[in-house]
Structure formats: C-alpha cells, structure tokens
Amino acid sequence: MSGDGAGDFDVAIIGGGVNGTGVARDAAQRGLRVVLFEKNDIAFGASGNSSGMIHGGPRYLTDDPEVTRTSCEDSGHIQRIAPHLLFRVPFLMPLGPEGTEQTHIDLVDAFFEAYDRYQPLKNGKPHARLTADELYELEPGLFGGRGATPARLAGGITFDEWGIDGVRLCIANAVDAIERGAIVHTHTGVEAILRDESGRARGVRARNFSTGARVEVGARAIVNATGAWTGITARAARLPPESARVRPGKGIHVVFDRRITNYAIIAKAIDDRQIFLEPWQNVTVLGTTDEDFYGDPDDVRATSDEVRYLVEAISNVFPGVAGARAIGTTAGVRPTLYAYGPNEDALSRDHRVVDHANDGARGLFSMIGGKLASYRIFAEQMTDLLMVYLDAARVPCRTHTLALPGGERAVSRKVLAEGLGIDAVAATRLTYRHGGRAERIAERIRERPHEANVVCACEPVLEAEVRHVVRHEMAASVDDVARRTRLGLGACGGMRCAARCGQIVAEERGLEPRQGARLALSFLARQAKTRAVACGSLQAQEEALLLASIRSELGPLLGEDV
Ligand SMILES: Cc1cc2nc3c(=O)[nH]c(=O)nc-3n(C[C@H](O)[C@H](O)[C@H](O)COP(=O)(O)OP(=O)(O)OC[C@H]3O[C@@H](n4cnc5c(N)ncnc54)[C@H](O)[C@@H]3O)c2cc1C
C-alpha cells in the first residue's frame, strides 16, 4: 500500500472491535472509501471477551434508562440483521437467602414490570414471578437441590435476554465492509496519526507486525475506535490522553466444559456485586468482575484470585459448580466513559463521540464507551458525523435493515448434515457461526470431500471451515482461527487440534510447515496460561507435561533440538 496524499481514503479507522468494524461497514455502505487498521486481530479486545449479551441491561434501568432503551432497540435491529448469531438466554434470579438478591420480591417484581416495557423492542418475553417450588422445577440444581432449600428463599423472578458470539459479530461487520470496498489490515498497528500544519488530521502511519513493513496512508478523517487503548491512541496524534479519556474496567469470565444449567442464574458476590452463570453456546460461562485496570490492555489475563471470587459467589446459589470442569478463562477491558469517584459498577454504559476539532485536530474523532448491544447505533451516529464533516452526499444509514453476511437466509442444519454426511452437531455449529454462508463451506466439501474431516472434535470444527476462515475472514494464525471458530477452546485446550490447524493455516498461506508448527505452539502456550488459573494445579501440571511432549514431537519439524 502506498500513498501520502490526504485523498487516498475518506476515513481511516483505528481498531477492529465491534465499534471500529461497525463504522467500517456503515461508512462503506454509504459510499465512503474506508481503510481499517487492527493491531492484533479482529475482536481481540473487549468485543471478543465480553459476556456475549445483546441485552437491555436491567441493571442500568434505574440510573441510565436511556442506555437500556437504546440497547433494547439496537438489540432488535441486530436480531434482524444477524438472526443466526442470536440465541435466547432466559435468566433466573432467586430471591431470599445469602448469595441471592435480598431485595423484597414485590419490589423486584415491580422493577421488572418496568423492564417489561422495553422487552418488545428486543422481542423479549415479559418477566414472571416464581415460587421456590417453581424455581426448583426449572433448575433442580439450585442450592444443591430441593431438599436443601434455604429457609428464607422467597421465590424468584425470570426474565429474558439474548446471547451472541461477539467475535462472529465483528467478523461479519468486517467482512461486509470489505465486500463493500473497505480495506482491512489486521496485525497492523497505527503508530502515528498524521496532521497537517493547521493541525487537521491527514492520515496514519502503521506497522505490520508480521512483516515489520511500515505503511502510510492519507485519509480525510480518522476514527479512533480503540476501546481501552483510546488514551494511548490519542498520544499517537500528539494529543494529551485526557482529550479522549476512558475509565478502563477489567472483566473476566470462567468457562466450564459444557452447559451445566438450564437457565442463566443471577447471584450476588460477597461485595454485593451482581454476577451470573450462563449457558452460552455449548459451554457455561461464569462472570463477571469489574475492576479499574491500570495494566497493559494488550496483555490482560484472569488471575486465580478473580476465578475464586466468582466461583465462591456462584457456589452459594448453584453448589454444583464446584464439581463442574472449568476449562479456561477470558479477560477483557471495558472502555467505560470516564468519571472520577463512582464505583466501577455505577459507571454509565452510555457512549460518546469526541470531536477533536476542539483540541485543534479537525477530522479526528474518538468513539468512547458503549456496549456490544448498542454498537450499531453508535456506529450510525459516528458515520452521520463523518458524512457531515466530509461534506458527502447524504446516503441514509441502512445497517439496521441490511443483513450481515450469513444473515440473508437460513440454511437447514438437517439438510446440511444429511447432504454432506457430517455429524449433526458439526452442521449445527456451522450454521450457527456462518448462517447462510455455511453453504459456501458446504460447497468446498462437495468439491473436496476430504475437507469434511473434523479438525477440532470438542467444538467441532471441520477442515473446510478452517480453510474458509483463512481465505475469507482474514485468519492468519491458529489463534485467529480459534477466535473465529472456537477451535481449541473446548475441553482439550487445543492439544489434539492445534498442530493440524497450524498445518492447514501454513498450507493456505503458503508458509513452511515449520511456521505452521510454530503457530500451533504459540497458540497452545497462550491457552495454557489462560487455562491454568481455572483448571486446578493438578490439571495444569498435566497440561504442561502434554505441551512439553507436543513440543518435543514437533521439535524435528521446527528444526529444534528438544
Ligand atoms: C468482561 C466484559 C463483559 C462485557 N459484557 C458485555 C455484554 O454482555 N454486552 C454488551 O453489550 N457489552 C458488554 N461489554 C462491553 C463491550 O464488550 C464493549 O463496550 C465493546 O466491545 C467495546 O468495543 P470497542 O470496539 O470500542 O473496543 P474493543 O473491542 O476493545 O476494540 C478495540 C480494538 O482496538 C485495537 N487497537 C488498539 N490500539 C490500536 C492501534 N494503535 N492500532 C490498531 N488497532 C488498535 C485493539 O487491538 C482492539 O481490538 C463487556 C465488556 C467486558 C470487558
């Protein structure tokens, strides 16, 4: 890529999370010439490590009802444009003894009556008030079973939310942007935001971390969509960090190997914070923490303390968790709107665009705050501002009606399974992740039947899907494939599939087999770190031994004396 004239692109977007990819899609759809830079991989940050809820956030209803309304409204739109990615998550909120909500059931009931008014916006069902017996009927493992009913259990409330795979949402936005003419560079970090003598933004300088090559592009407008990195990015424009300030809040999740409950369950942690246990895709997720974060957002990981805090809290309400198999953790940093004073939980989840014209940098904008659940409207507001700034012809936003890739039409998993002779679970996962575009992967298998081979048995992921995400979704490493397909994120932690996946990635990218082996080993090493804090010391030791034996097996391929 070349060019130093300000006219190369209309807009350069920095950051490939949900907000950056959302703006790339909207701006490309409205006819702007778009380039996006992501220093890691698409959805590497908060967007790929969230709790995966496209919800209204009843929690925000008392202090920030506008956030609840916006999220519910956008949730309705996201359901329409990506129906394959959304799944219903009904919640149970037990009320009464320690570890549960202590508020009087009548008050909670009344609160959810207010929340019900927002439910139609997101196709949610109204809440229901439950007796203790009804709670046990729905979730027999609550409090260790009916016989162990705590004396003061008053009953509970159930309410309705929606789950999503945040990574797939970002990928769908990025792929759509590319198909509408945008250029997306992953593993390429912006090092400097270039400004002319008057201070106006005129382009960016970036470095590709795989090749080391530096590139410079001209752009008439620049969008800083770097989430928790926002302040660091502002410095790349020679602006003071306080010109685009977020209050970064670290959140972690513990992942269990399968669905261990029928419903998502709300509980209270020792410090009165609300936490949840949620069946999510084919695993269970326990989350989340929310703590001010002063570390490096490129290297954020769960600690064993954080894991214990969550497990202890949920054990009060669902003791069976102690016997369940934890297989990993995720961690991300929320780019929350800045405020000095309030506790992390009490911070607004609203979003805001900062126009740096006020700091002398015309044409530079920062997107701050927000939620996965309201990314689309945030992207629309940002693109509206770009259209005005660029004096572009007024093309209306259509991201609420235009389907995302895969959302255009449904593909029957039964027809797919029977037609290709693949496992029903594999067909189900394929249609979940790719919607109508699962047909493109099926087409590969029809032409090359051996690509129906299962590479990752835990998820499961087929060879054709791995090849598809490398070719059409910018996956450049085993980590990237895992992010897009969940390969290697199941019970075995990639021990059985990373090496094969590395080979396929190497073949697709024209790399040496040795480089494929390296990609596999670096994925396994990273996985081991995120798993060790959750899976207990014995299993961590066993996995370390297994990793050492895989390394020695691959040694000759790597050209190493192991
Ligand atoms: C634990 C947790 C749980 C959450 N749960 C939910 C939920 O259930 N529902 C919900 O609606 N919201 C949830 N959120 C909030 C939501 O995830 C975030 O608000 C949203 O993902 C932010 O998106 P973003 O694009 O602004 O930031 P990010 O997704 O963090 O993306 C920023 C990107 O910028 C890149 N970048 C940084 N610097 C540079 C550079 N110099 N050059 C190029 N690229 C760069 C990073 O690599 C990163 O990929 C949660 C957040 C967390 C942390």
Side-chain angles (χ1 to χ4, degrees), residues 51-53 55 58-59 87-103 105 108-109 112 125 127-163 252-289 302 306-330 425 458 489-491 531 533-536 539:
S51 308
M53 305 292 300
H55 57 168
R59 212 149 62 77
F87 47 90
R88 218 176 259 284
V89 185
F91 272 83
L92 292 182
M93 180 188 274
L95 295 157
E98 192 175 330
T100 65
E101 299 280 336
Q102 297 283 353
T103 323
I105 191 161
V108 181
D109 196 14
F112 276 96
K125 297 183 192 305
H127 84 288
R129 180 172 172 156
L130 305 169
T131 64
D133 278 348
E134 286 166 338
L135 273 178
Y136 280 115
E137 221 163 279
L138 295 174
E139 201 58 70
L142 276 178
F143 304 102
R146 197 184 290 259
T149 312
R152 290 173 295 112
L153 184 63
I157 294 290
T158 176
F159 63 98
D160 198 24
E161 296 293 5
W162 292 92
I252 74 132
H253 299 98
V254 185
V255 183
F256 296 89
D257 66 338
R258 67 206 146 81
R259 294 169 74 99
I260 55 181
T261 57
N262 300 319
Y263 291 81
I265 299 170
I266 298 268
K268 282 272 171 127
I270 193 155
D271 53 1
D272 207 38
R273 285 197 62 251
Q274 209 173 60
I275 61 147
F276 61 84
L277 186 69
E278 173 196 14
W280 188 86
Q281 300 203 48
N282 48 7
V283 293
T284 297
V285 171
L286 169 61
T288 173
T289 55
E306 290 165 326
V307 170
R308 275 204 294 273
Y309 163 86
L310 288 173
V311 171
E312 187 180 302
I314 200 67
S315 298
N316 285 323
V317 176
F318 195 83
V321 116
R325 186 173 169 210
I327 56 167
T329 55
T330 65
V425 183
C458 302
L489 303 185
R531 286 163 67 87
V533 290
C535 65
Q539 193 180 330

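Note that the numbering runs from 1 along the sequence shown for the chain. What you see is a predicted model; the values in this text were computed from it and never measured.
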Q. Can you tell me how far the OG1 atom of T288 sits from the CD1 atom of I275, to the nearest 0.5 Å?
A. 9.5 Å
Q: Evaluate the criterion side chain to side chain contact (heavy atoms under 4.5 Å, CB included) for residue pair V89 and W280; output intermediate values, then yes/no.
A: CA-CA 8 Å; V89 185; W280 188 86; 5.7 Å; no
Q | Side-chain heavy atoms of L92 within contact of L130, under 4.5 Å | A | yes
Q: Please examine the side chains of F318 and L286, heavy atoms only from C-beta on, and report whether any two atoms are closer than 4.5 Å.
A: no
Q) Is there side-chain contact between V285 and S51, with heavy atoms separated by less than 4.5 Å? A) no
Q) Aromatic rings H253 and F276: how do their planes relate, parallel, tilted or perpendicular, breaks at 30° and 60°? A) tilted
Q.
With side chain to side chain contact (heavy atoms under 4.5 Å, CB included) as the criterion, how do V254 and E306 come out once you've worked through the C-alpha distance, each side chain's angles and the decisive distance to 0.1 Å?
A. CA-CA 9 Å; V254 185; E306 290 165 326; over 6 Å; no
Q) What are the two closest heavy atoms between A269 and A313, and how far apart are they? A) CA-CB, 3.6 Å
Q. Would a 4.5 Å heavy-atom cut-off, applied to side chains only, mark Y309 and R273 as touching?
A. yes
Q) Could you give the distance from CE (M93) to CD (E101), rounded to the nearest 0.5 Å? A) 4.0 Å
Q.
I need the minimum non-hydrogen distance between P94 and L142, along with the two atoms involved.
A. CG-CD2, 4.3 Å
Q: Could you tell me which non-hydrogen atom of L135 sits nearest to which non-hydrogen atom of G156, and how far apart they are?
A: CD1-N, 3.9 Å
**Q.** Sidechain-backbone polar pair: Q274 side chain, I266 backbone, donor-acceptor under 3.5 Å
**A.** no
Q | Flag side-chain contact, heavy atom, 4.5 Å: T100 against F143 | A | yes
Q: Nearest 0.5 Å please: distance from the CE atom of M53 over to the CZ atom of F91.
A: 4.0 Å
**Q.** Distance (rounded to the nearest 0.5 Å) between R129 CZ and L95 CG
**A.** 9.0 Å
Q: For residues D133 and R146, determine if any side-chain heavy atom of one lies less than 4.5 Å from a side-chain heavy atom of the other.
A: yes
Q: Could you grab the distance from atom CH2 of W162 to atom CZ of R88, nearest 0.5 Å is fine?
A: 4.0 Å
Q) Of the non-hydrogen atoms in V307 and A534, which two are nearest, and what is the gap between them? A) CG1-CA, 4.3 Å
Q. Between N262 and L138, does a side chain to side chain contact (heavy atoms under 4.5 Å, CB included) hold up when you go through it step by step?
A. CA-CA 7 Å; N262 300 319; L138 295 174; over 6 Å; no
Q. Can you name the nearest heavy-atom pair linking P319 to G144, along with the distance?
A. CD-N, 3.3 Å
**Q.** side chain to side chain contact (heavy atoms under 4.5 Å, CB included) between I252 and L310, intermediate numbers included
**A.** CA-CA 9 Å; I252 74 132; L310 288 173; 3.8 Å; yes
Q | Exercise: identify the closest heavy-atom pair between A491 and C458 | A | N-SG, 3.8 Å
Q. Looking only at atom types and distance, does a side-chain atom of T284 sit under 3.5 Å from a main-chain N or O of I260, one as donor and one as acceptor?
A. yes
Q: Drop me the distance from T158's OG1 to K125's NZ, to the nearest 0.5 angstrom.
A: 11.0 Å
Q | Candidates V321, I327, T261 - the one meeting side-chain contact (heavy atoms from CB on, under 4.5 Å) with F256 | A | V321
